[in-house]
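What follows is a single structure, written as structure tokens, with notes after it.
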Protein chains: 2
Amino acid sequence: MISDKTVERLSQYRWLLEMHVDAQTINLFSHQLASMASVSPAQLRRDLMAIGYSGSPGKGYMVRDLTESIGRFLDGSKPTRVAVVGMGNLGRAIVSFLSGRRSHLKIVASFDTDVTKSGRVIGGSHCYSQDKLEEIIKRENISVAVLTVPSPVAQSVAEKLIDAGIKGILNYAPVPLKVPEQVYIENRDVTAALEKVAYFARQTEERE
Amino acid sequence: MISDKTVERLSQYRWLLEMHVDAQTINLFSHQLASMASVSPAQLRRDLMAIGYSGSPGKGYMVRDLTESIGRFLDGSKPTRVAVVGMGNLGRAIVSFLSGRRSHLKIVASFDTDVTKSGRVIGGSHCYSQDKLEEIIKRENISVAVLTVPSPVAQSVAEKLIDAGIKGILNYAPVPLKVPEQVYIENRDVTAALEKVAYFARQTEERE
DNA sequence: TTAGTGCTGTTATTAATTTCACAACACCTA
DNA sequence: TAGGTGTTGTGAAATTAATAACAGCACTAA
Ligand SMILES: NC(=O)c1ccc[n+]([C@@H]2O[C@H](COP(=O)([O-])OP(=O)(O)OC[C@H]3O[C@@H](n4cnc5c(N)ncnc54)[C@H](O)[C@@H]3O)[C@@H](O)[C@H]2O)c1
Ligand SMILES: NC(=O)c1ccc[n+]([C@@H]2O[C@H](COP(=O)([O-])OP(=O)(O)OC[C@H]3O[C@@H](n4cnc5c(N)ncnc54)[C@H](O)[C@@H]3O)[C@@H](O)[C@H]2O)c1
């Protein structure tokens, strides 16, 4: 089984390969890509070992080939269909950011209880009323949701999503969701992240 | 030295204590708070040990007291002054979300190169022109920055921030910043997070 | 061809983090 | 008082993650 951390780093390696390697570079050494990603060369080689990719000594890794290998591993055969639930400030920012990006992550719908938001097209995808949630998720075969609703309703909305068949949730509400273990949850609590940064920033200040 | 993970969990414990514990509850057992946070009781006890807090057997932890202990540990003596750089969709969402929250994290300024954004008050804090960055950061004694600028400029903006004296950065641009090691960086790459969720969601789908 | 160089893949080692397990303690009840 | 129950704090064990180390290969140059 492959780890959490490894998957996240693979995603980053691919992004670097696609965005930060110029077209004429056809191969790269582990220390080069590792340094772009701020990880150790050993770590990078180990991550690639996990997906069964091999470079060649003296030659390194073929950029095109490696990019595709990571893609095959991360993306699977068909695009992942994604919904964003809660089209407030954050939800809209995420939709507009992700729309028309990576073709294998498709934002196909969004949901909101607020009638001034639902029924419109926001950031390139249709925003539906929350009542339609189960229907649309099943019909559109959506497997992943981004949850950006106010925290008091996050748990109950998550349960509706899971009942409707969602298999993974990227949760921005600062509540640790309680879900059955087959559902994968990734929590992104902004306040906790900022408090962490503030704590360590103060540590370095005080060390002076 | 206290770990990364522990600090993040402490922040979460505090949030739960403040928001999810009703006023008449005066004490809690480790298994109760642990279950709210979805961690093991042993983990919780160990985290509290790290900050030198002690409960009492049979009684558990005093809610008020524990909340304050975590606060003393995380917050330090004075509020942390924070700036948001790049007032696009995401920057504005974060500012409006954080303004008027936790009093020890103060958003005191924001910055943008776009003249239609700078010079105004956005989400309760003044948005300055990017030219003023160094001046304001020094004058306002800002130690932490949230970075929400387009990724091609993220590295150069980060360097300006560090020159101006910033000690910690919460980075939303999907580039791994290269910075001197005294500066604490927390990367929040939305795409990588979503790809990770999509990957594990697919795993559970295929396991069926 | 042969020796040399510099890389990869993988095993071994070390480090970090989490969980286990249990003595010691507080409190309740009789 | 004494015995029972249920919790904490923490050393030890287990697990997980990261780093180091190195054999072996590919290529170069003489
Ligand atoms: N804005 C940020 O930067 C930010 C940062 C961190 C965390 N968050 C969290 O993300 C969540 C949303 O933040 P926001 O700033 O976008 O808030 P917001 O109030 O702007 O948006 C919330 C949206 O959810 C909708 N909504 C409410 N109940 C709903 C339901 N039951 N089903 C579907 N939609 C529902 C509302 O109509 C609204 O449009 C909150 O939990 C917040 O704590 C936001
Ligand atoms: N919107 C999202 O949900 C989201 C999610 C993940 C990551 N991101 C990342 O966050 C960043 C911002 O995203 P966004 O959607 O808010 O984009 P955006 O284009 O809406 O906002 C970017 C803002 O930065 C400003 N800017 C440009 N150059 C600047 C400079 N040198 N100094 C200061 N300000 C500058 C622009 O004027 C603009 O207001 C991007 O790197 C993006 O990849 C956004």
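Everything numeric in this text was worked out from a predicted model, so none of it was measured. In what follows, every chain begins at residue 1, and chains take the letters A, B, ... in the order their sequences are listed.
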Consider only side-chain N and O atoms of A:R202 and B:T80, and report whether a donor and an acceptor are under 3.5 Å apart. yes
Parallel, tilted or perpendicular: which one describes the rings of A:F200 and B:Y184, with boundaries at 30° and 60°? parallel
Restricting to non-hydrogen atoms, name the atom on A:L133 and the atom on A:F111 that form the minimum distance, rounded to 0.1 Å. CA-CE2, 3.6 Å
Please tabulate, one pair per line, each protein N/O and nucleotide N/O from nucleotides 3-5 of chain D that are separated by under 3.5 Å, including the distance.
none

Who are the salt bridge (charged side-chain N to carboxylate O under 4.0 Å, His left out) partners of B:D114, not counting sequence neighbours? B:K117
Side-chain N or O of B:S40 closer than 4.0 Å to phosphate OP1/OP2 of C:dT19: yes
Expected rows: protein N/O vs nucleotides 12-17 of chain C N/O, under 3.5 Å:
residue, atom, partner, partner atom, Å
C:dA12, N6, A:R46, NH2, 3.2

Listed partners of A:K138 passing side-chain hydrogen bond (donor to acceptor under 3.5 Å, both in side chains), at least two apart: A:E134
Any side-chain to backbone donor/acceptor pair from A:T148 onto A:Y172? Under 3.5 Å, distance only. no
Who are the ring pair (Phe, Tyr, Trp, His ring centres under 6.0 Å) partners of B:H104, not counting sequence neighbours? none
Would you say A:S54 places a side-chain N or O within less than 4.0 Å of OP1 or OP2 belonging to C:dG9? yes
Could you label the plane-to-plane angle of the A:Y61 and A:Y53 rings as parallel, tilted or perpendicular, counting under 30° as parallel and over 60° as perpendicular? tilted
Please confirm whether the backbone N or O of A:F29 pairs with a side-chain atom of A:Q32, one donor and one acceptor, at under 3.5 Å? yes
Selection: residues 60-70 of chain A, any non-hydrogen atom under 4.0 Å of DNA chain C: A:G60, A:Y61
Partners of A:A193 by side-chain contact (heavy atoms from CB on, under 4.5 Å), sequence neighbours excluded? B:L170, B:R188
Rounded to whole Å, how long is the line connecting atom CG of B:L44 with atom P of C:dT18? 13 Å
note: A:M49, atom CE; D:dC22, atom C1'; distance rounded to Å ~ 14 Å
Distances under 3.5 Å between protein N/O atoms and the N/O atoms of nucleotides 22-27 of chain C, please, pair by pair.
residue, atom, partner, partner atom, Å
C:dA26, O4', B:P57, O, 3.3

Can you list the residues that meet the salt bridge (charged side-chain N to carboxylate O under 4.0 Å, His left out) rule with B:R92, with sequence neighbours excluded? none
Considering all heavy atoms, the nearest A:L98-A:I107 contact: CD1-CD1, 3.8 Å
Looking just at side-chain N and O atoms, do B:T67 and B:R64 make a donor-acceptor pair shorter than 3.5 Å? no
With a 4.0 Å heavy-atom cut-off, tell me which residues in residues 25-38 of chain A come close to DNA chain D, sorted by residue number. none
For A:A192, side-chain contact (heavy atoms from CB on, under 4.5 Å) partners two or more places apart: A:D189, B:E8, B:S11
Donor-acceptor pairs are to be reported for all side-chain atoms of residues 150-164 of chain B against protein atoms at under 3.5 Å, with residues two or more places apart or in another chain.
residue, atom, partner, partner atom, Å
B:Q155, OE1, B:K178, N, 2.9
B:Q155, NE2, B:E159, OE2, 2.7
B:Q155, NE2, B:K178, O, 2.9
B:S156, OG, B:V153, O, 3.2

